[in-house]
Amino acid sequence: MSQYIKDLMAEVKAKNPAEPEFHQAVQEVAESLALVLDRHPEYRAAKILERIIEPERIITFRVPWVDDQGEVHVNRGFRIEMNSAIGPYKGGLRFHPSVNQGILKFLAFEQVFKNSLTTLPMGGGKGGSDFDPKGKSDLKIMRFCQAFMSELFRHIGPDTDVPAGDIGVGGREIGYLFGQYKKLRNEFTGVLTGKGLNWGGSLIRPEATGYGAVYFAAEMLGIKKQTLEGKVCLVSGSGNVAQYTVEKVNQLGGKVVTLSDSNGYIYDEAGIDKDKLAYVMELKNVRRGRMKEYADKYKSAVYTELNQNADFNPLWNHKAHCAFPSATQNEINGKDAENLVKNGVYVVSEGANMPTNLDGVKVFLDNKILYGPGKAANAGGVATSGLEMTQNSMRMPWTREEVDNRLHMIMKSIHKTCVDVSERFGVPGNYVIGANIGGFLKVADAMIDQGVV
Ligand code: NDP
């Protein structure tokens with residue numbers, strides 16, 4: 001690590017205490033950018049990196065709400081408006097008890113580079129709450145969403161900041177949030193993405209992150225003149241991203257053998273085919289049940305409860321060719337990464353944001369596997385949100401084929417950017433550096449053009 005990056009990281013840690021995920025995300029990007037900062041002293045002079053790691057604005061607010069029994073609850077709401085150099089702030093809302101400012105700052109920071117990579121005009125943002133939607137009635141969810149939007153509405157808008165979903169925020173929550181925004185503002189605009197199809201949503205948006213991560217894996221395999229046909233794949237999570245990852249892997253002839261939730265994972269050697277996936281979708285999206293039930297229904301599957309004290313996750317310790325981490329941050333540590341490599345995995349395409357910690361990333365890079373970091377591999381979701389914004393502005397929806405083709409083209413273009421940039425900077429095949437520098441350049445140049453603001 002250069003002295004400049006060491007000093008920068010020391011300052012980041014001192015100024016942002018107790019935000020380990022943010023430190024981790026900044027360190028990974030800063031180390032990659034050392035190459036570009038050496039070649040472009042103008043970025044150092046304009047303090048682009050120092051400015052890019054400082055959010056333009058952080059909004060924190062109280063979310064008081066009353067449940068169906070009349071009990072009052074208080075949660076904390078956030079919106080991190082990170083960078084608007086190339087477009088309105090754009091990024092999801094996460095509802096999960098682990099949510100805090102540091103986690104949202106890491107996500108907003110990653111989002112800046114990811115959105116730039118899509119080639120669409122979107123800045124970076126992220127938000128959410130420490131509210132736990134798990135097991136709550138629809139009425140409770142609606143009350144919370146309305147309370148949350150009662151404050152957020154004054155900070156967002158179709159040309160200012162356009163939130164979407166993330167962990168714990170799916171179609172149901174976006175509906176309640178949109179309804180409250182519309183009521184308070186008295187206007188029907190594309191202020192959120194991931195909307196319902198009959199009120200401004202885009203076809204393929206629900207599928208986009210998972211499909212995109214698989215398209216990205218297919219592009220990486222293409223470098224080796226291979227396809228997903230016959231490949232055995234490990235997928236973690238069982239939410240939006242995981243479900244559509246399984247669907248696309250199946251369509252392209254691969255076989256997915258794992259899925260998980262925060263209680264444990266299933267290993268189904270026979271593969272999670274179309275019918276089993278339909279069961280998972282009903283289980284998770286309608287009945288909101290647990291993955292354990294999958295093993296009760298399908299005898300080919302083995303369920304393993306999560307052991308919080310173990311120093312590795314057994315999900316990543318099965319023979320396979322590809323891995324699609326699609327649950328949450330830091331779900332693959334150094335040992336998990338070693339287990340993946342040992343078991344023959346040579347393609348990792350990250351559906352989740354920062355699912356691999358710094359030790360794990362090092363293992364993937366040292367072993368020269370095809371490793372697509374989240375900000376490139378999972379950019380299909382926000383890209384399709386960008387396409388939803390375009391359709392809203394035109395007031396005209398595109399067909400499923402049109403959106404899917406555009407998504408596919410965008411994922412190919414992100415892959416090409418990563419490959420080209422990594423070659424240009426003398427580290428061919430390093431998608432981490434390719435994605436970080438590829439995303440950085442457009443934002444950095446826009447910031448220079450717009451002066452010190
Ligand atoms: P969902 O809420 O639909 O699903 C999340 C899944 O991950 C659930 O199976 C959940 O299990 C599991 N999970 C969440 N937190 C943890 C945890 N701390 N430990 C273990 N398992 C956990 O979210 P998404 O599928 O939308 O998001 C998954 C990942 O993809 C996140 O990292 C998100 O930031 C990223 N992402 C999502 C995009 C999107 O378009 N939705 C776009 C780009 C990235 P349980 O039900 O038990 O909580």
Side-chain angles (χ1 to χ4, degrees), residues 16-22 55-82 89-111 124-157 160-185 191-195 237 239-240 261-263 284-285 288 290 327-330 352-354:
N16 305 276
E19 296 184 354
E21 293 86 1
F22 181 60
E56 289 178 12
R57 191 174 299 107
I58 296 182
I59 300 148
T60 313
F61 50 96
R62 181 175 70 193
V63 188
W65 58 283
V66 183
D67 70 19
D68 351 2
Q69 281 79 41
E71 192 181 337
V72 176
H73 299 265
V74 185
N75 285 97
R76 187 170 283 179
F78 301 90
R79 186 72 184 163
I80 315 288
E81 296 185 334
M82 198 77 195
Y89 309 105
K90 181 92 197 86
L93 296 171
R94 176 176 291 192
F95 291 169
H96 193 272
S98 65
V99 162
N100 57 41
Q101 184 168 297
I103 286 181
L104 294 179
K105 273 169 68 181
F106 115 64
L107 288 163
F109 179 71
E110 292 275 298
Q111 197 82 47
K126 201 85 188 186
S129 173
D130 57 359
F131 171 72
D132 186 1
K134 214 176 290 168
K136 298 233 172 24
S137 67
D138 284 356
L139 190 60
K140 277 194 184 121
I141 299 286
M142 183 177 77
R143 288 197 171 137
F144 175 79
C145 288
Q146 290 177 342
F148 183 82
M149 187 52 86
S150 297
E151 172 59 33
L152 188 68
F153 85 99
R154 62 186 98 247
H155 307 290
I156 61 176
T160 312
D161 185 350
V162 185
D166 189 73
I167 291 178
V169 180
R172 172 182 59 169
E173 291 76 16
I174 293 290
Y176 295 147
L177 291 163
F178 183 81
Q180 184 72 351
Y181 179 90
K182 182 165 65 66
K183 182 182 168 87
L184 293 171
R185 283 266 193 217
V191 68
L192 291 155
T193 56
K195 299 187 289 298
N240 171 269
D261 58 27
S262 48
N263 296 109
K284 284 290 166 184
N285 308 345
R288 300 188 190 269
R290 313 303 298 158
T328 192
Q329 65 271 2
N330 291 331
N353 283 308
M354 207 170 74

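Every value quoted in this text rests on a predicted model; they were computed, and no experiment measured them.
Every salt bridge (charged side-chain N to carboxylate O under 4.0 Å, His left out) that R154 has, sequence neighbours left out, goes to E151. With sequence neighbours left out, R76 forms a salt bridge (charged side-chain N to carboxylate O under 4.0 Å, His left out) with no residue at all. For Q111, the side chain to side chain donor-acceptor pair (under 3.5 Å) partners are N115, not counting sequence neighbours.
S150 places a side-chain N or O within 3.5 Å of a backbone atom of Q146 that can act as its donor or acceptor partner. Side-chain atoms of R185 come within 3.5 Å of backbone atoms of F153 as a donor-acceptor pair (strictly under, hydrogens ignored).
Using a 4.5 Å heavy-atom threshold, the side chains of Q101 and T60 count as touching. Put simply, the side chain of V63 does not reach to within 4.5 Å of the side chain of V74, judged on heavy atoms. Between C145 and I141, the closest side-chain pair of non-hydrogen atoms falls below 4.5 Å.
Electrostatic pairing of D261 and K284 counts as a salt bridge here, judged by a charged N lying under 4.0 Å from a carboxylate O.
Going from atom CZ of F106 over to atom CE of M354 covers 4.0 Å, rounded to the nearest 0.5 Å. Note that CG of L184 is 4.5 Å distant from CD of Q180, once rounded to the nearest 0.5 Å. If you take CG on N353 and CD1 on I167, they are separated by 8.0 Å, rounding to the nearest 0.5 Å. Between S129 atom OG and L152 atom CG the span is 11.0 Å, to the nearest 0.5 Å. Rounding to the nearest 0.5 Å gives a distance of 12.5 Å between CZ of R79 and CD1 of I58. To the nearest 0.5 Å, atom CE of residue M82 and atom CZ of residue F109 are 6.5 Å apart.
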Evaluation steps, side-chain contact (heavy atoms from CB on, under 4.5 Å), between V162 and I156: CA-CA 6 Å; V162 185; I156 61 176; over 6 Å; no
Pair F144-F95, ring pair (Phe, Tyr, Trp, His ring centres under 6.0 Å): steps then yes or no: CA-CA 10 Å; F144 175 79; F95 291 169; 5.1 Å; yes
CA sep, side-chain torsions, deciding dist, call: L192, L177, side-chain contact (heavy atoms from CB on, under 4.5 Å): CA-CA 8 Å; L192 291 155; L177 291 163; 3.9 Å; yes
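For G124 against Y89, the heavy-atom pair with the smallest separation is O-CD2, 3.5 Å. Contact between I80 and P55 at its shortest, heavy atoms only, is CG2-CB, 4.0 Å. The minimum heavy-atom distance between V169 and A164, with the atom names listed, is CG1-O, 4.4 Å. Of all non-hydrogen atoms in G168 and P133, the two that sit nearest each other are O-CG, 3.9 Å. Smallest separation of non-hydrogen atoms from A352 and A327: CB-N, 3.8 Å. Smallest separation of non-hydrogen atoms from S262 and R290: OG-NH2, 3.3 Å.
Screening residues 57-75 for salt bridge (Lys or Arg N to Asp or Glu O under 4.0 Å), with sequence neighbours left out, gives R57-E81. Listed by first then second residue, pairs satisfying salt bridge (Lys or Arg N to Asp or Glu O under 4.0 Å) with a partner in residues 92-111 read E19-K105, R94-D166, E110-K375, not counting sequence neighbours. For residues 128-146, every residue pair satisfying the salt bridge (Lys or Arg N to Asp or Glu O under 4.0 Å) rule, not counting sequence neighbours, is listed here: D138-R172.
Ring pair F148/F131: centre-to-centre distance not below 6.0 Å. Taking the six-membered ring for Trp and the full ring otherwise, the centers of F78 and F61 sit at least 6.0 Å from each other.
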